[in-house]
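For reference, the structure is listed below as structure tokens.
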Amino acid sequence: MPSGMSLPEGVNRVLVFIDKARALLGAPGTPEYGIESFRFTRSAWPPGSVPRGLLFVLLDTMSSISNFSPSAVKDPSLNGKNLLPPFCLLDCMSKTAGEEVPVGGHAAPPIGTAETVARQVLSLGRPLWGSYLRQSQVEVGWVIKAAMDKLVLLDSRIFVREFPQLNDRSAALDKACAIAILGARACLQVIPRSTLAHTLVKSHLAICLEVSKDREALRVIYASEPIVAVAAEGLMTAIHAEATKWTKNGLVLLLDHLIDAVSAFEVDCGHAGELVARLVMLFAMDETRKAAKVQPWEPVRLHAFLDVLLGKDSVSLPKRFDDALINFTHFVQITFTPDSAEVFKRPFERTAALICRPNQPGIDMILPALLPSAGPGPGAFEPVSVKVKNVRTEHDLDWPASASSKLTPGHAMPNMVVDAADCAALYFNLGSISTPRLLDLPPVELVCDAKRARPNQAAVGKAVFGLDAFSFLDQCVRERLRKLLGHLGDSAHNDALSPMDRALVRGLEPLRYRASADAPGYSVSLDTNLEGAETDSSEVESDCGPGILH
């Protein structure tokens, strides 16, 4: 390549796109040198030979972008310079979406025809969805199927049809597909340096937010994209329907892969109680929409959701919540404390519920609720506060304040004006080993911090103790969720190890685990009642009917 080469006359900018760039990592025709084609290609353009205005762009969904990092030895083509950052973030989310989603007034869901609302809601997210849905000749159902195909990297019809053929859960539904389906809805935290993180970005619609300097760790998320959450819900329904033919439970297949990913240090279980609570509420919301015969992006009555979650007519809320609507298909982590009821409008439009910022006082999650107005004007938004505990005792140390005054917006969100004297709230103690039961939230118990407490505000709702209180779930599903609750993220609770190996792991750290009575200094009992994380396999497989509901 001659030095000083210039572009053709009249051309001052040239972009060269090379798709499927992984081919550059293949055999270059000179395998005896052990150098990839990428190195030869870059060396062919030494400093000074590349004309100004010429830019090469390599496109691919690589399993590991570290393949394009500089070599460990000095590369002459680098000329002492560092490569550009491994990727650039582009602000393109919802750029092709339709007009703002209008929220209805008097006892009404979003205004407009069902087709218009569907296109407006589902176009929120990456530009691909909006570019499809802006074309009237493209059916909404076709775009949802396309999202399903991209989420699991398979044609959704083939996926559903071939699912039961081998009758082998590992072959029929691999771990990455299961984590993609659950992650798009439950906001799972994927370990950055795991192979799973690369796979989810490469093939399952996960978004890469950050790359480490050595280009081995990826921080990935599933952003708030209604159509991706709807696609995940559709895949969950399809998996469950096909699993039923084999007298299995589709949710169990998904949860088994999640438990395996947590045990393999690929997914961070974090606060296990909050993760399990999110899953339970998503399962209940799916059942609510199925019973109401509405589309996944359409709102449902709050009372209908609570009837499925906790039993018919089991929850009494303030009168103004009689016609309240909720609308969520997925959860999103926020990093701020809401200071206005208008904050809940956008999540409601995007069919999202909120996970509170870390160390948020009083509450863990928020379900945005729309209270229709008595007149023709728009309704008002209010939060349904959710507090989650995972303790084996019946009450946590802050009880009853944790289920009364600390659960109110006045304590958790002191800058937000809520004039009502009561608010809707839910309190879960999922780790309780006492008899499963539902209780009304206790009367207001003033907290010590007078600046945060509002004595005239009370939380109205239910306190739930134990996973077995959710009777709409099959016993086998509750057992899997119970395993997640007890997971401590260490090898002593890894089912891939034999009981003897797990006992040896415990013996290596004698102060970390409770010792048995016969050998308190070393030998450790594997009694299931000690840590709450061990579950007998015979119990797990028992009472595993095909349906979610009994």
Side-chain angles (χ1 to χ4, degrees), residues 101-122 140-141 144 148 184-186 226-241 244 250-251 277-331 344-345 347-353 365-373 379 381-382 384 386 424 426 461-462 470-474 477 547-550:
V101 182
V103 178
H106 177 59
I111 302 170
T113 65
E115 178 79 9
T116 302
V117 172
R119 290 181 182 274
Q120 290 173 333
V121 173
L122 299 181
V140 173
I144 294 175
M148 293 169 67
R185 305 193 67 192
I227 193 170
V228 177
V230 168
E233 187 275 334
L235 287 167
M236 290 173 67
T237 300
I239 292 169
H240 186 65
T244 301
L251 295 183
R278 296 198 297 270
L279 292 171
V280 170
M281 288 190 284
L282 287 170
F283 298 158
M285 193 63 167
D286 293 345
E287 290 298 317
T288 305
R289 286 198 169 100
K290 187 188 302 181
K293 298 181 180 179
V294 299
Q295 298 294 344
W297 55 86
E298 295 179 347
V300 298
R301 292 180 64 248
L302 174 59
H303 275 289
F305 167 73
L306 295 176
D307 285 347
V308 172
L309 182 68
L310 302 176
K312 189 171 179 59
D313 299 327
S314 60
V315 183
S316 296
L317 296 178
K319 182 68 175 177
R320 67 184 185 282
F321 283 90
D322 285 351
D323 295 319
L325 303 173
I326 59 172
N327 188 24
F328 67 92
T329 58
H330 61 291
F331 282 84
F344 306 123
K345 181 175 182 287
F348 188 93
E349 293 169 351
R350 301 183 77 107
T351 70
M365 286 172 280
I366 299 173
L367 308 182
L370 171 63
L371 280 59
S373 65
F381 287 93
E382 282 198 30
V384 178
V386 180
L426 295 171
K462 279 295 182 189
F470 302 112
S471 58
F472 77 99
L473 292 173
D474 268 354
V477 175
I548 300 178
L549 296 168
H550 283 301

Would you give the length of the straight line joining atom [atom1] of [X] to atom [atom2] of [Y], rounded to the nearest 0.5 angstrom?
X      : Y      : atom1 : atom2 : value
Phe305 : Leu310 : CZ    : CG    : 8.0 Å
Met281 : Phe328 : CE    : CZ    : 6.0 Å
Thr329 : Glu298 : OG1   : CD    : 12.5 Å
Leu473 : Leu251 : CG    : CG    : 7.5 Å
Leu282 : Phe331 : CG    : CZ    : 5.0 Å
Leu309 : Met285 : CG    : CE    : 11.0 Å

Donor-acceptor contact present, side-chain [X] to main-chain [Y], <3.5 Å:
X      : Y      : answer
His240 : Gly250 : yes
His330 : Thr351 : yes
Lys345 : Phe381 : no
Arg301 : Asp323 : no

Compare all side-chain heavy atoms of [X] with those of [Y] and state whether any distance is below 4.5 angstrom.
X      : Y      : result
His303 : Leu317 : yes
Met236 : Arg185 : yes
Val294 : Val300 : yes
Phe472 : Val477 : no

Working note: Val384 + Leu302, criterion side chain to side chain contact (heavy atoms under 4.5 Å, CB included); need CA distance, chi angles, decisive distance, verdict.
CA-CA 10 Å; Val384 178; Leu302 174 59; 4.1 Å; yes
Mind running side chain to side chain contact (heavy atoms under 4.5 Å, CB included) on Leu122 and Val230 for me, showing each step along the way?
CA-CA 9 Å; Leu122 299 181; Val230 168; 4.0 Å; yes
Run the numbers on Asn327 and Arg350 for side chain to side chain donor-acceptor pair (under 3.5 Å), then give the verdict.
CA-CA 8 Å; Asn327 188 24; Arg350 301 183 77 107; over 6 Å; no
Between the side chains of Asp322 and Lys319, is the shortest nitrogen-to-carboxylate-oxygen separation below 4.0 Å, so that they form an ion pair?
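Between Asp322 and Lys319 there is a salt bridge, with a charged N closer than 4.0 Å to a carboxylate O.
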With the threshold set at 4.0 Å, does a side-chain nitrogen-carboxylate oxygen contact exist between Arg320 and Glu382?
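Here Arg320 pairs with Glu382 in a salt bridge, since their nearest N and O are under 4.0 Å apart.
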State, to 0.1 Å, how close [X] and [Y] come at their nearest heavy-atom pair, and which atoms those are.
X      : Y      : answer
Met148 : Gly234 : CE-C, 4.2 Å
Ile326 : Pro368 : CG2-O, 3.7 Å
Met365 : Ala277 : CE-CB, 3.8 Å

Assess the residue pair Leu325 and Phe348 against the criterion (side chain to side chain contact (heavy atoms under 4.5 Å, CB included)); give the C-alpha distance rounded to whole Å, side-chain angles, the decisive distance to 0.1 Å, and a yes or no.
CA-CA 9 Å; Leu325 303 173; Phe348 188 93; 4.3 Å; yes
Is it true that Thr237 and Glu233 share a donor-acceptor pair across their side chains at a distance under 3.5 Å?
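Short answer, yes.
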Can Val386 and Leu367 be said to form a side chain to side chain contact (heavy atoms under 4.5 Å, CB included), step by step?
CA-CA 8 Å; Val386 180; Leu367 308 182; 4.2 Å; yes
